[in-house]
Structures are given as structure tokens and as C-alpha cells.
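Chain letters run A, B, ... following the sequence lines, proteins first, then strands; residues in each count from 1.
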There are 2 protein chains.
Amino acid sequence: MPETRRGRPTMNDVAAAAGVALKTVSRVVNNEPGVNASTAERVHAAIESLGYRRNDGARTLRRGRTASIGLVIEDVADPFYSGLSRAVEDIALAEGCLVFTGSSGEDPARERELVLAFCARRVDGLIIVPAGTDHDYLTPEVEAGIAAVFADRPPGAGPDADTVVCDNAGGARAGTEHLLAHGHRRIAFLADAPSIFTAAERLRGYREALAAAGLPYDEGLVAMGRPDQARVLADLRRLLRLADPPTALFTGNGQITVATLRALAGTAGPAPVREAPSSGPVAIIGFDDFEPADLLGITVIAQDPAGMGRAAAELLFRRLSGESGPPQRLELPTRLVVRGSGERPPA
Amino acid sequence: MPETRRGRPTMNDVAAAAGVALKTVSRVVNNEPGVNASTAERVHAAIESLGYRRNDGARTLRRGRTASIGLVIEDVADPFYSGLSRAVEDIALAEGCLVFTGSSGEDPARERELVLAFCARRVDGLIIVPAGTDHDYLTPEVEAGIAAVFADRPPGAGPDADTVVCDNAGGARAGTEHLLAHGHRRIAFLADAPSIFTAAERLRGYREALAAAGLPYDEGLVAMGRPDQARVLADLRRLLRLADPPTALFTGNGQITVATLRALAGTAGPAPVREAPSSGPVAIIGFDDFEPADLLGITVIAQDPAGMGRAAAELLFRRLSGESGPPQRLELPTRLVVRGSGERPPA
DNA sequence: CTGAAAGCGCTAACAA
DNA sequence: TTGTTAGCGCTTTCAG
């Protein structure tokens, strides 16, 4: 019967129970060679009867690597980031690594807090979807050997690090071109605040497509801001009340697409007024695929969240296994998925 | 200039640089009272110039608590669990606790592997959505003081632990009653495999509602199995080809609802044959709300994933702060959300 | 094949 | 106010 010690049994307890030295237990626990089978047997029995489990914290302290990584995203509850998370998790687990996850909620202070907390736990590496633009706080950590990979958005000021983004501008260009090809000339652009990298890039792509088609850039057709329902509804009402309203909408991410659809459907407060009642339904293309976009017939510019997570994790583990070289920057492709909403002709 | 030591500076390095004793650095780092302001200043300067950051692993080893918890869910990429995760994260962070997250993918071996890995890291507590039914492996851990809360499903054999579930049977009963009240007599039930607790409970509720209405239970109207598109499509085809086909469907979770809608829409392979072409669209109610269910007009039995995560986390932290007493079992309510699809009359 | 001793970076307990 | 000593549970090094 084990003595009534506080807390869990340690290797020392096991050693005492098995009548061997501490180091022998360590050998058995870690499957190190060179232990007599019968000795090992006794040790195993002691482990079993005491309910011993190695303390990885202590192990880590001695060995240097924690076999854990930190993942900081914008929000796990957002399907884009949860898809990315799952891919990161899977690769980490395959590498024998556990994952600390944290949502920054687009708050730079919280991002920093999470990252530094992970660093204090001495994670081996980090995958970060940056919320802020100042990553100087990371420099000492990176210099101390913590590997960092940025995903979805590049870091702001701070250490040069590997980055995985998607082809935001290209995707937005393709979407806009698609609407132009279907005859639209007044295309509104609704997106996140321009301070967010992806939104700025998508705006760039939209503008490039307009320019290439010889069309003017009309600021009145652009509405950028928080992705919440109220803001989107208000902006949409303004847009549709214009003297020369848009015949098509390009929405800059999944949340905004859904909010826009709700606003158009009137599910979210009063439906935005249509000044020209004769006009058909407005065309719409959204950046980011979302779960039942197929059921709703929404044409989208899809990116692959799991693919992004995988790319970031693979990059990270390559660094952790010693690969050196200059920081890499991967740009993942996007894909136009035609489903009907983006192919409606102008009214 | 710091010496070229391997790895990161330690408290000892800081102490040497500041010309004070180790313990003084410790006091400053931990904001312990009783340090002369000017001494503290020198220490801070040394910390800054060396890029020192406390090693929480070592701290943990000494203090006993790791200020981390483990969260094992079925799949972070599933919106239900990602909503739950976010709530857990938020509460944990507020408690100064970091979260290890892992997806079991409904695989008991992986659940066990994750849980035990978290225990080896000496997490203070666990929140587990059990995939398996045998939780004996947890007993030594719980006896050693790791708090465990089960969420969404109760544990199988194993230690008695706090559990948070939703009123699965009641929700399914309410949904079925709603369809009955709208005149349906042939209601199909499509759900997860009955080995999964929530599916079994929802089936129970469905049966109770039928029984209360004096209707027979027809096994031919029940299709339980994996939530993938192919299985749902096949089952739906079978159901709709019955001599006396269902006029309404009750779908047992979010994934199955979406798969069913896809099958009905013909988005997922050939549309299931309708033997009676004169009949209107089949009525449908789904268990679990999902993102644009409002846009699709789908009536659902909604539960609150974030609420479940919050409840589980609050229970866990209450235990961690010493609350004793018998294991609690919380049952969260569900809510019928009427949106049209569940109110269609029978053909 | 087995073991004793040192020490990873930190905090707790106790001097000075 | 500051410092000294011991030791958390483990791995590493080196001896038997």
C-alpha cells in the first residue's frame, strides 16, 4: 500500500517500491535499452500498482524541449479558423506535440498576452494569426529559439518569420472579373476594416480588376468596417439607395457574406430598401466558402483553411527539426466556385 | 553584454547582471512586496536588457499547479464544438489558465491518448467530450487530483465526475411533438449511430413523443449511422421510396441536417426519388442550430454550445478552487426555433 | 546491466 | 529589505 504522500507518486516512489534505483525506473519508463527483463518487470508492476505517470513538466525542464506549440488565432468559433486549427492539431499530434490554443478576438493586447504566456510555458513553436501590427515583443523570444510562423496575415514590425497567406488580391480580382464578365458595371465591395491585411489586399484585387476593365473606382460603392450585422445592414441600405445603385456585391469574408444575405433576406431587421423595385435580385460573390453556401447557391472565392493550417504547421515543424534558411512566404491559391448568385445578370 | 550561454537567460543570469541574489529577482518578477524601489529598478533593467522571461515550467514544478487545463472534444472544426471551445478558452484565460485543445475525431483511443498526454503535462483539470465508453483509465488521474468535467455526453465506466449535457430527449420530444401538432403522422428520424449518447437520447425523445400521441414506433422510419453525406443520401432515398413515406423528417444533429438538406436539394449526387410527385416539400426539423439555418428557413431544436462550454468550465474552476461535494450533473435546456421548415403541413 | 550525484529554473522556508 | 539553502521530478553524466 502506498504511503499517504501528498500528490502523485514519483520515480523515486516507484524505485523504492520496486527495490531499484531511480535511474532504472527512468530507463524503463523511457524504454531505454539495457535493462534486465525481470528488473523491468518489477518496475512495471510497481508503476502499475502505484498509478505512476511520468511528469512531463519535470522532464521538459531537464531536456529543454516541451513538445508543445502555441496557436493563436482570431476566434476558434469562426469556421475558417477552426478548420485551420484542426489541421494544425492533427499535424502536431502526429509529431508528438500538444497544442495550446487561444483566440485573440482581433485584440492586439490579447494576442500579445497569449503569445507571451505560451512563450513562458516554453512552447517550441508558435503559429500566429496576428491581430496587431507590432510584433517587436516577439523578437527576444525568436532570438531565444522559439520558432514562429504567421498564418493568414503577415506580421507587422517585428522579427522576420515564415508566413502563409492566401492570394487575397488575386482571389478578389477573379471574383470581380467574374462579375464584370457577367455584365456588371456597378459592383459594391463590402469588407472588414482596411486595417486588416486580408481586407486591404482584397480591396486591392477589386480595384485592380476595375482598373483593368477601364472602370472608375467609386468610393461610394465601398463599405469597410466591422463584420457585424448592424454595420453591414446599414451599409447595404446606403448602397442600395444610391441614385446609381450597385447591381452586384462582392463581400469580403464569410461573416460579411452571411450578414449581407441576412440583410437582403430581411432576416436581420428591416430589409434594405430597393429604389428600383423592377430590378431583379442583386448578384453576389463572397470571399471564403462557408458551410451551406452550396445550399444557398452562393458563388464564392474559396480558400482552404485546413490547407493553410497544414502549410503553417509543416513549415513550423520543418524549422523545429532544424531547417534553416531565410523566412519563407507561401501564398496559397484561391478558387472560384460558381453556384448561381454570381452569375445573375445586372437588372 | 550577456555571455554566450546556450538557451535563455535565467533568474540567476538576471541576478548576476543586477548584482543581487536570485531570490530578489524572484521577488521582482512575481511582484512580491518588500523590495526596495531602486533595487527593483536595477532588476527590471537587467530583465529588459537580457530579454528575460520567467520559465513557467520550472515554476510549475515547484508550485504544483500548472495553471493549464486540457480540452478534448470531438472535432474543433465542428461549429458546435468550436463554440464550446471558445467559451472554455475565455473562462480559462480569465482564470489565468491556458488551454491544451485536442480533437478525438470520435476515436476512443485518440481520446485516451490526448487525455493521458494532458495528464502527463499535469494539467490542473480536464474538460472531456467522451468518444469512448470506458473511462477507467482516468481513475488514477482523478484520484491523483486532476479535476475532470464531462461535456455533451456522460462518461462511461470510470470515475464519477461532473457532467454537463443538454436535454437531448426533451428537445427531440419537443421537435417531434411540433411536427405531430402540424399534422404529421409519418415522421422519419435520421441521426448519429445509437452508440453515441446524444443520438440514443434523442431517439428516446422521439419515441416518447410518438408514444404519447398514441402512434406506433416504426423502425423503418429510423436511420441512424455515420453523419456523412453518402450514408444520409442513401438512407433518405430509402425512406422516400417507402410505400408509405414520411411527410416529415427529424434530423438528429447539425451535420445530418445539412447533409439531409443537400440530399433533398440534389446538391449531393442524385436527388432522392419522390414516389408521390404531387406531394409538397417534406417538413424538416433539425436538432442543433447552425449558422445560416435562418437563411434557409430551417426550424431547429437549438442548444447553446457556448453555454455548455461555459457551464463545464465554471464547474471545473469551482472544483479547482476547492469546492467539494458529490459529482454534479447539469442538464441544459433546448429551445424550439420556428423558421418555416417544421411548419409545413403533410402532403 | 545498474546506480549515485549533479543540476534543469524556479519557489518556499528560513535566516541575517 | 535581502540572501541562503533546499528541493520540485526528472535526465544526464559518469562510475561501478
Any side-chain donor near an acceptor of the partner, E74(B) and S104(B), under 3.5 Å: no
Which atoms of nucleotides 5-7 of chain D (N or O only) lie under 3.5 Å from a protein N or O atom, and what are those distances?
residue : atom : partner : partner atom : Å
dG7(D)  : N2   : R62(B)  : NE           : 3.4
dG7(D)  : N2   : R62(B)  : NH1          : 3.0
dG7(D)  : N3   : R62(B)  : NH1          : 3.3

Protein-nucleotide distance (M11(A), atom CE; dT12(D), atom P), rounded to Å: 11 Å
side-chain N/O T24(B) vs dT2(D) OP1/OP2, d < 4.0 Å: no
Side chain to side chain, V72(A) and V129(A), heavy atoms closer than 4.5 Å: no
Sugar-phosphate, base or nothing in reach of A58(A), heavy atoms under 4.0 Å: base
Residue list, salt bridge (Lys or Arg N to Asp or Glu O under 4.0 Å) with E143(B), at least two apart or on another chain: none
Distance in angstrom units between L61(B) CG and dG7(C) C1', rounded: 12 Å
Residues in side chain to side chain donor-acceptor pair (under 3.5 Å) contact with D56(A), at least two apart in sequence or another chain: R54(A)
Partners passing ring pair (Phe, Tyr, Trp, His ring centres under 6.0 Å) against Y52(A) (at least two apart in sequence or in another chain): none
Contact under 4.0 Å: R63(A) side-chain N or O vs dT11(D) OP1/OP2: no
Any residue of residues 31-42 of chain A with a heavy atom less than 4.0 Å from an atom of DNA chain D: none
Short N-O contact, D90(B) and R110(A), less than 4.0 angstrom: yes
Any T163(A) side-chain heavy atom under 4.5 Å of L330(A) side chain: no
Side chain of V20(A) - closest among dC10(C), dC10(D), dG3(C): dG3(C)
Pair R329(A) + D162(A): basic N to acidic O under 4.0 Å: no
Separation of dG9(D) P from D13(A) CG (nearest whole Å): 8 Å
Nucleotide dG9(D), atom P - distance to CZ of R65(B) in whole Å: 16 Å
Distance below 4.0 Å between N30(B) side-chain N/O and dT11(C) OP1 or OP2: yes
Min side-chain heavy-atom separation E111(A)-Y137(A) under 4.5 Å: yes
Protein-nucleotide distance (N12(B), atom CG; dT11(C), atom P), rounded to Å: 12 Å
Any donor-acceptor N/O pair, D78(B) side chain to F80(B) backbone, under 3.5 Å: yes
Axis bend over the full length of the helix from dC1(C)-dG16(D) to dA16(C)-dT1(D), computed from five pairs that close each end, to 10 degrees: 40°
Phosphate OP1/OP2 of dC10(C): any S26(B) side-chain N/O under 4.0 Å: no
Taking every non-hydrogen atom, the tightest pair across G105(B) and R86(A): CA-NH2, 4.4 Å
Listed partners of F150(A) passing ring pair (Phe, Tyr, Trp, His ring centres under 6.0 Å), at least two apart: H135(A)
Length of the line joining R54(A):CZ and dC8(D):C1', which is rounded to integer Å: 17 Å
Give me, pair by pair, the N or O atoms of the protein and of nucleotides 14-16 of chain C that are less than 3.5 Å apart, along with how far apart they are.
none

Give the table of side-chain donor-acceptor pairs shorter than 3.5 Å for residues 304-314 of chain A, with sequence neighbours excluded, one pair per line with atom names and distance.
residue : atom : partner : partner atom : Å
D304(A) : OD1  : A306(A) : N            : 3.3
D304(A) : OD1  : G307(A) : N            : 3.0
D304(A) : OD2  : G307(A) : N            : 3.3

d(CZ, R8(B); P, dG9(C)) in whole Å: 11 Å
Sugar-phosphate, base or nothing in reach of D56(A), heavy atoms under 4.0 Å: nothing
Minimum-distance pair of heavy atoms, taken over all atoms of T60(B) and R65(B): OG1-O, 3.3 Å
Pairing residues for R27(A) by the salt bridge (Lys or Arg N to Asp or Glu O under 4.0 Å) criterion, not counting sequence neighbours: none
Stretch residues 118-126 of chain B: residues that reach within less than 4.0 Å of DNA chain D through a heavy atom: none
ring-ring contact (aromatic ring centres under 6.0 Å, His included) contacts touching residues 104-124 of chain A (sequence neighbours left out): F100(A)-F118(A)
Side-chain H-bond candidate by donor/acceptor type, R121(A) with N55(B), under 3.5 Å: no
